[in-house]
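Heads up, the thing below is written out as structure tokens.
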Amino acid sequence: QNALEKQIFQTLLLHKKFFQSCLVKYYKAKSGAVTNGESVFDLSIDVTGAIEKAAITKTDIDDPEYLQCLKVVFSRIRFKNLPIKEPLHAVFPLSVELPQQ
């Protein structure tokens with residue numbers, strides 16, 4: 001993992017609680033009838049550090065409101081001092097793993 005990947009990953013981890021709030025809303029809306037799964041996002045990051053686009057490339061959770069919530073979280077994220085001179089793509093998987101009862 002290079003320094004740029006590490007910086008992107010660490011910044012995304014800072015927003016973990018916002019991603020989790022999307023999951024909590026989804027869980028409540030489905031009355032707990034939620035299974036484990038993964039959603040993979042292709043992020044387009046511009047030179048200012050803003051995420052221009054968060055496209056879903058794969059998802060096991062086919063719930064439009066949940067996925068839209070995640071996209072809103074991505075749209076608010078800013079990467080500070082990214083050493084890039086042109087836009088870049090990053091692939092970021094988000095996994096839902098619920099405790100077994």
Side-chain angles (χ1 to χ4, degrees):
Q1 202 177 34
N2 66 32
L4 182 60
E5 286 175 338
K6 190 173 182 180
Q7 183 179 352
I8 290 170
F9 188 72
Q10 286 176 333
T11 299
L12 290 169
L13 279 181
L14 291 174
H15 294 79
K16 185 176 182 177
K17 68 178 182 244
F18 299 109
F19 292 120
Q20 287 172 335
S21 72
C22 293
L23 177 60
V24 168
K25 278 189 232 167
Y26 170 60
Y27 188 86
K28 286 180 180 174
K30 298 292 182 195
S31 301
V34 175
T35 58
N36 292 347
E38 182 179 64
S39 299
V40 180
F41 287 84
D42 180 8
L43 307 177
S44 298
I45 304 168
D46 70 19
V47 293
T48 67
I51 296 177
E52 285 184 325
K53 192 171 123 201
I56 302 159
T57 58
K58 171 189 170 289
T59 186
D60 300 324
I61 302 168
D62 192 22
D63 185 86
E65 288 180 29
Y66 170 68
L67 297 172
Q68 184 57 38
C69 182
L70 296 177
K71 284 183 174 186
V72 169
V73 173
F74 280 121
S75 73
R76 294 179 180 154
I77 296 173
R78 296 293 176 268
F79 298 95
K80 292 181 172 49
N81 307 316
L82 268 189
I84 59 173
K85 292 180 176 38
E86 57 190 44
L88 72 94
H89 283 273
V91 175
F92 188 69
L94 273 171
S95 294
V96 172
E97 293 179 24
L98 300 169
Q100 298 304 312
Q101 307 215 349

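Below, all heavy atoms of this structure are taken into account, side chains as well, without hydrogens, waters or symmetry copies.
Atoms CD1 and CD, on Ile56 and Gln68 in that order, are 8.0 Å from each other to the nearest 0.5 Å. In this structure, the separation between CG on Asp60 and OG on Ser95 is 8.5 Å, given to the nearest 0.5 Å. Distance check: Glu5 CD to Leu88 CG gives 10.0 Å after rounding to the nearest 0.5 Å. Within the model, atoms CG of Leu70 and CZ of Phe41 stand 4.5 Å from one another, a figure rounded to the nearest 0.5 Å. Taking NE2 of His15 as the reference point, atom CG of Leu13 lies at 10.5 Å (rounded to 0.5 Å). Residue Ile84 holds its CD1 atom at 7.0 Å from CD1 of Ile8, rounded to the nearest 0.5 Å.
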I'd like to know whether Thr59 forms a side-chain contact (heavy atoms from CB on, under 4.5 Å) with Tyr66, so could you lay out the CA-CA distance, the side-chain angles of the two residues, the decisive distance to 0.1 Å, and finally the verdict. CA-CA 11 Å; Thr59 186; Tyr66 170 68; 5.8 Å; no

* **Audit row: Val34, Asp63, side-chain contact (heavy atoms from CB on, under 4.5 Å) steps and yes/no** => CA-CA 11 Å; Val34 175; Asp63 185 86; over 6 Å; no

What donor-acceptor contacts under 3.5 angstrom involve side-chain atoms of residues 43-53, with partners at least two apart or in another chain?
unit_1: Asp46; atom_1: OD1; unit_2: Thr48; atom_2: N; d: 3.0
unit_1: Asp46; atom_1: OD1; unit_2: Thr48; atom_2: OG1; d: 2.5
unit_1: Asp46; atom_1: OD1; unit_2: Gly49; atom_2: N; d: 3.2
unit_1: Asp46; atom_1: OD1; unit_2: Ala50; atom_2: N; d: 3.1
unit_1: Asp46; atom_1: OD2; unit_2: Thr48; atom_2: OG1; d: 3.4

Can you give me every donor-acceptor pair (side chain of residues 72-79, partner residue at least two apart or in another chain, under 3.5 Å) with its distance?
unit_1: Ser75; atom_1: OG; unit_2: Val72; atom_2: O; d: 2.6
unit_1: Arg78; atom_1: NH1; unit_2: Ser75; atom_2: O; d: 2.9

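Apart from Val40 itself, the hydrophobic cluster it occupies contains Val91, where clustering links Ile, Leu, Val, Met, Phe, Trp and Tyr at side-chain heavy-atom distances under 4.5 Å.
Taking Glu38 as the reference, Lys58 meet the salt bridge (Lys or Arg N to Asp or Glu O under 4.0 Å) condition, with sequence neighbours excluded. Residues that satisfy the salt bridge (Lys or Arg N to Asp or Glu O under 4.0 Å) test with Asp42, not counting sequence neighbours, are absent from this structure.
With hydrophobic clusters built from ILVMFWY side chains whose heavy atoms lie under 4.5 angstrom apart, Val24 does not share a cluster with Tyr27. Note: the hydrophobic cluster containing Phe18 does not contain Leu14 (ILVMFWY, side chain heavy atoms under 4.5 Å, direct or indirect links).
No side-chain donor-acceptor contact under 3.5 Å links Gln10 to the backbone of Gln7.
Among pairs with a residue in residues 4-89, those fulfilling disulfide bond (SG atoms under 2.5 Å apart) read Cys22-Cys69, at least two apart in sequence or across chains.
Of all the heavy atoms in Leu4 and Pro83, the pair that sits closest is CD1-CD, 3.8 Å.
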